[in-house]
Visitor: 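I'd like to ask you about the structure that follows.
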Amino acid sequence: MRYFAKITLLSFLLSPFAQSTTFAQEFNKETAVQEVKAITKAFAGSLQSELQGAMKSGGPLNALNVCNVEAMPITAKSAENSNALISRVSLKNRNPANVPNDWQRAVLEDFDKRAADGEDPATMASATVVKTDDGKHQMRFMKATPAGGVCLACHGQQIDPELQSKLDELYPEDKATGYSLGEVRGAIVVIKDY
Ligand code: HEC
């Protein structure tokens, strides 16, 4: 009798029904937040190292090429590696592809408000979970990217004229200049379904 009960339990646990229910129960926001944070950190790290390397070897004019040519492929590669959607957005975007959608805009506006209230943009983030049409949990994570000293060469108030004319050429609708140190330049967005 006992043996039979064990077999029944075992076959239930192995059945697709049991597996799908355990799967659904397994969603844990804290774990998901840790995961998207790690994805964000790895992505920011690869961008940063490319940028810093290029700045060191040839200054902002050389690095401009990296940002212009490499930013999108680095983003695509990080997204592929982590099975997530990754993008960068800004209320004052340089690349027209980096316009925020409605919920991203709301978060960016909130970041600006929080910064105005004295919160440090370096540690500012937002994590929201929504249900998708097919019943999954969608983690929507955004991390603020503050304008550090190195960023101001290309996003600041005093931009080298040669660099400026390159920017004008590459991004005729550029809104991403005029920042001062510590302002929220934009955000990294990581979207992952569970
Ligand atoms: C060498 C010039 C240069 C430097 C330095 C630089 N950026 Fe940018 N930034 C760019 C370019 C060019 C783009 C557009 C990239 C593209 O076309 O995908 C960009 C785009 C962005 C975007 C995406 C949103 C948008 O406006 O299109 C963010 C966010 C951003 N930069 C933040 C930063 C931060 C934060 C730093 C400092 C750590 C920084 N940048 C340093 C040139 C630079």
Side-chain angles (χ1 to χ4, degrees), residues 36-37 39-82 84-116 119-127 140-191:
V36 290
K37 269 189 183 166
I39 293 170
T40 306
K41 201 171 169 195
F43 167 61
S46 28
L47 266 188
Q48 199 95 350
S49 65
E50 280 282 332
L51 177 68
Q52 271 163 4
M55 288 288 264
K56 256 190 206 142
S57 65
L61 262 179
N62 175 49
L64 179 59
N65 204 36
V66 168
C67 294
N68 172 232
V69 181
E70 300 296 336
M72 286 298 181
I74 292 173
T75 312
K77 183 116 194 88
S78 297
E80 196 187 309
N81 290 344
S82 55
L85 294 173
I86 303 181
S87 57
R88 292 193 303 163
V89 292
S90 173
L91 293 172
K92 295 199 296 167
N93 56 296
R94 171 156 290 165
N95 186 325
N98 297 334
V99 178
N101 67 18
D102 287 351
W103 63 260
Q104 292 162 356
R105 178 174 298 278
V107 172
L108 285 167
E109 282 167 357
D110 186 53
F111 283 168
D112 280 345
K113 224 172 110 229
R114 284 158 65 178
E119 192 178 330
D120 181 4
T123 51
M124 213 177 267
S126 157
R140 295 174 169 180
F141 182 73
M142 285 175 71
K143 178 175 184 329
T145 48
V150 68
C151 319
L152 299 181
C154 300
H155 295 294
Q157 290 166 359
Q158 280 161 347
I159 293 176
D160 171 80
E162 200 185 343
L163 190 73
Q164 184 62 62
S165 70
K166 272 265 171 142
L167 285 173
D168 292 343
E169 202 180 294
L170 292 166
Y171 305 96
E173 291 168 65
D174 186 13
K175 303 189 194 85
T177 56
Y179 283 89
S180 37
L181 195 66
E183 256 186 284
V184 178
R185 169 65 269 271
I188 291 172
V189 184
V190 174
I191 302 172

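Every number for a ligand or one of its atoms is a count from 1 in the order of the listing. If you're wondering where the values come from, they're calculated on a predicted model, not measured in any experiment.
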Visitor: Please confirm whether N68 comes within less than 3.5 Å of ligand 1 when only nitrogen or oxygen atoms on both sides are compared.
Guide: no
Visitor: Show me which atoms of ligand 1 lie under 4.0 Å from any heavy atom of P146.
Guide: 35 (C)
Visitor: Indicate whether any N or O donor in one side chain lies under 3.5 Å from an N or O acceptor in the other, for Q164 and D168.
Guide: yes
Visitor: What are the atoms of ligand 1, with element, lying closer than 4.0 Å to any heavy atom of C67?
Guide: 3 (C), 7 (N), 10 (C), 11 (C), 12 (C), 15 (C), 16 (C), 42 (C), 43 (C)
Visitor: How far apart are the closest heavy atoms of S46 and S49, and which atoms are they?
Guide: O-OG, 3.3 Å
Visitor: Under 6.0 Å from the ring centre and within 45 degrees of the ring axis: does the NZ or CZ of K92 meet both conditions for the six-membered ring of Y179?
Guide: yes
Visitor: Can you confirm whether R105 sits close enough to V99 that some side-chain heavy atom of one is under 4.5 Å from a side-chain heavy atom of the other?
Guide: yes
Visitor: Compare R94, H155, Q52, M55 and give the one whose heavy atom is closest to atom 31 (N) of ligand 1.
Guide: H155
Visitor: Pull out every atom of ligand 1 sitting under 4.0 Å from any heavy atom of T145, numbered as shown with elements.
Guide: 29 (C)
Visitor: Any side-chain donor-acceptor pair under 3.5 Å between S57 and N62?
Guide: yes
Visitor: Name the closest protein heavy atom to atom 14 (C) of ligand 1, giving the residue it belongs to and the distance to 0.1 Å.
Guide: Y171 OH, 3.4 Å
Visitor: Do C154 and L163 make a side-chain contact, defined as non-hydrogen atoms from C-beta onward lying under 4.5 Å apart?
Guide: yes
Visitor: Heavy atoms, side chains only, cut-off 4.5 Å: are L64 and L167 in contact?
Guide: yes
Visitor: Please identify which atoms of ligand 1 are closer than 4.0 Å to at least one heavy atom of L64.
Guide: 1 (C), 12 (C)
Visitor: Is it the side chain, the backbone, both or neither of R185 that has a heavy atom closer than 4.0 Å to ligand 1?
Guide: side chain
Visitor: More than 12 heavy atoms of other residues, nucleotides or ligands under 6.0 Å from CG of D102: is that the case?
Guide: no
Visitor: Mind listing the closest non-hydrogen atom pair of P100 and L91 along with its distance?
Guide: CG-CD2, 4.4 Å
Visitor: What residue and heavy atom of the protein are closest to atom 20 (C) of ligand 1, and at what distance?
Guide: R88 NH2, 3.4 Å
Visitor: With a cut-off of 4.0 Å, which atoms of ligand 1 are near a heavy atom of L51?
Guide: 4 (C), 5 (C), 41 (C)
Visitor: Record the part of C151 in heavy-atom contact with ligand 1 below 4.0 Å; permitted values are side chain, backbone, both and neither.
Guide: both
Visitor: Backbone, side chain, both or neither: what part of M72 comes under 4.0 angstrom of ligand 1, heavy atoms only?
Guide: side chain
Visitor: With a cut-off of 4.0 Å, which atoms of ligand 1 are near a heavy atom of C154?
Guide: 1 (C), 2 (C), 3 (C), 4 (C), 5 (C), 42 (C), 43 (C)
Visitor: Is there at least one pair of N or O atoms, one from N98 and one from ligand 1, spaced under 3.5 Å apart?
Guide: yes
Visitor: To the nearest 0.5 Å, what is the distance between NE2 (H155) and CZ (R185)?
Guide: 4.5 Å
Visitor: What's the shortest distance from atom 5 (C) of ligand 1 to any protein heavy atom, and which residue and atom give it?
Guide: V150 O, 3.4 Å
Visitor: Taking the side chain as every heavy atom from C-beta outward, state whether F141 and V189 have any pair of such atoms under 4.5 Å apart.
Guide: no
Visitor: Would you mind running through ligand 1 and noting each atom that sits below 4.0 Å from a heavy atom of A63?
Guide: 1 (C)
Visitor: Quick check on contacts: which atoms of ligand 1 are under 4.0 angstrom from a heavy atom of P60?
Guide: 1 (C)
Visitor: For ligand 1, does N95 get within less than 4.0 Å through its side chain, its backbone, both, or neither, judged by non-hydrogen atoms?
Guide: both
